[in-house]
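The chains referred to below are lettered A, B, ... by the order of the sequence lines, with proteins before strands, and numbering in each begins at 1. Keep in mind it's a predicted model, so treat the numbers as computed, not measured. The basis for the numbers below is simple: all heavy atoms, side chains too, and nothing from hydrogens, waters or symmetry mates.
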Amino acid sequence: MRIATWNVNSIRARVDRVTDWLERADVDVLAMQETKCSDDQFPTMPFVALGYDVVHCGFNQWNGVAIASRVGIDDVHVGFDGQPTWSDSAEARALGATCNGVRVWSLYVPNGRTVDDPHYTYKLEWLAALRDTARGWLTADPKAQIALVGDWNIAPTDEDVWSVEFYKDSTHVTPPERAAFSAIVDAQFADVVRPFTPGPAVYTYWDYTQLAFPKGRGMRIDFILGSPALAQRVTHAEIVREERKGKAPSDHAPVVVELS
DNA sequence: ATGCCGTACCGTGTACGA
């Protein structure tokens, strides 16, 4: 079984690239982020034509998360318990579904914008709430197979950015953000991709501007975190840099994990 | 070749991204 996550940066602009990749990638479950559309706008048909069922959570042109699966989608949940709101509104940043026995959460962690912005505080609260809720899932069932996948908008170590100097005053690298990420790892959700994609200079995101991709100026911010029972099954993982190349790519690459 | 910012919105600019 192969599970992937991909920040697609608009599914309507990217549906051909995404489905073209699915045809080649032998992926059973694809979690998507930043679909940038409402539920009624999501292009479901191209996925159905390839044998995938799709669930989507999108309220407007911002955010948006989806899961496509060819191995079933059950117990769909929009948002996680205790998920913080932004300006008193729920945002489309978390979608959970059980696919062939694995609880998959497609997550789009708030960006934070700048360190002095209310959005940064929201980001930290969002991550703390996710940690608490996810920890509860494992307390209830220590053998649960859970995959927390998506765009975490955090570079956990200095090795995960092309230049520490470039990002020194930015979000994504601050100690509180890194602590929030570590807290989720400490809650027994391990980065199951890193052992198969060692650094340095291994990234999942490259800015569109200033030739960042060909110059190797990226960040590692997209992760697949697995519960102990899930991590035990991982046999391989990869970051598909090829999908950042060519015409009209997303600024993120897909990340794939293979389970026994 | 990895290639010079993108996407969405009732829009002729602004918000958001990281």
Side-chain angles (χ1 to χ4, degrees), chain A residues 5-18 21 32-43 56-66 85-87 89 91-93 106-124 126-127 150-178 180-181 197 200-223 238-255:
Chain A
T5 186
W6 195 0
N7 179 321
V8 297
N9 187 19
S10 171
I11 191 57
R12 286 177 291 173
R14 214 76 62 209
V15 63
D16 288 346
R17 273 202 77 134
V18 172
W21 180 67
M32 289 165 271
Q33 301 84 36
E34 278 210 274
T35 57
K36 290 187 170 176
C37 65
S38 54
D39 290 345
D40 60 302
Q41 293 173 315
F42 190 96
H56 178 255
C57 168
F59 305 131
N60 49 43
Q61 71 268 43
W62 306 123
N63 314 306
V65 283
T85 56
W86 175 246
S87 299
S89 295
E91 290 196 311
R93 294 184 178 275
S106 182
L107 303 169
Y108 180 45
V109 175
N111 170 288
R113 298 179 186 166
T114 58
V115 293
D116 58 353
D117 193 293
H119 207 261
Y120 176 80
T121 307
Y122 168 56
K123 179 181 192 173
L124 296 177
W126 202 95
L127 287 160
D151 177 358
W152 293 78
N153 273 322
I154 297 170
T157 74
D158 284 352
E159 198 176 66
D160 299 318
V161 296
W162 69 273
S163 166
V164 172
E165 171 66 20
F166 185 83
Y167 291 107
K168 69 179 170 65
D169 295 321
S170 304
T171 59
H172 296 59
V173 300
T174 67
E177 289 166 281
R178 287 176 169 174
F181 186 84
T197 60
V202 169
Y203 310 124
T204 64
Y205 160 87
W206 299 262
D207 196 279
Y208 282 124
T209 67
Q210 298 178 296
L211 293 171
F213 182 60
K215 289 181 176 175
R217 297 179 173 179
M219 306 177 84
R220 190 171 73 100
I221 57 176
D222 299 88
F223 298 95
E238 60 186 307
I239 297 164
V240 189
R241 285 185 74 261
E242 286 296 314
E243 286 305 311
R244 182 62 179 78
K245 303 178 183 178
K247 183 178 171 61
S250 169
D251 42 4
H252 295 251
V255 180

Dump every N/O contact between nucleotides 10-17 of chain B and the protein below 3.5 Å, one line per pair.
| from | atom 1 | to | atom 2 | distance (Å) |
| --- | --- | --- | --- | --- |
| B/dG17 | OP2 | A/Arg113 | NE | 2.8 |

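Residues A/Tyr205 and A/Asp151 form no side-chain contact, since every pair of their non-hydrogen atoms from C-beta on lies 4.5 Å or further apart. Two residues are said to be in side-chain contact when any heavy atoms from C-beta on lie closer than 4.5 Å; A/Thr171 and A/Asn153 fail this criterion. You'll find the side chain of A/Tyr167 stays beyond 4.5 Å of the side chain of A/His172, heavy atoms only.
With distances taken from any side-chain atom of A/Ile221 to the nucleotides B/dG3, B/dC9, B/dA18, the minimum falls on B/dA18. Which of B/dC4, B/dA8, B/dA18 sits closest to the side chain of A/Leu211 comes down to B/dC4.
For B/dG6, neither phosphate oxygen OP1 nor OP2 lies less than 4.0 angstrom from any side-chain nitrogen or oxygen of A/Arg14. One finds no side-chain N or O of A/Thr171 lying less than 4.0 angstrom from the OP1 or OP2 phosphate oxygen of B/dA18.
A/Ser170 comes within contact range of no nucleotide atom at all, as no heavy-atom separation falls under 4.0 Å. When heavy atoms are screened at a 4.0 angstrom cut-off, A/Gln41 is found touching the sugar-phosphate backbone but no base atom.
Applying the side-chain hydrogen bond (donor to acceptor under 3.5 Å, both in side chains) definition to pairs two or more places apart or across chains, those involving residues 213-223 of chain A are A/Asp160-A/Arg220, A/Asp191-A/Arg220, A/Thr204-A/Asp222, A/Asp222-A/His252.
For A/Phe166, the ring-ring contact (aromatic ring centres under 6.0 Å, His included) partners at least two apart in sequence or on another chain are A/Trp162.
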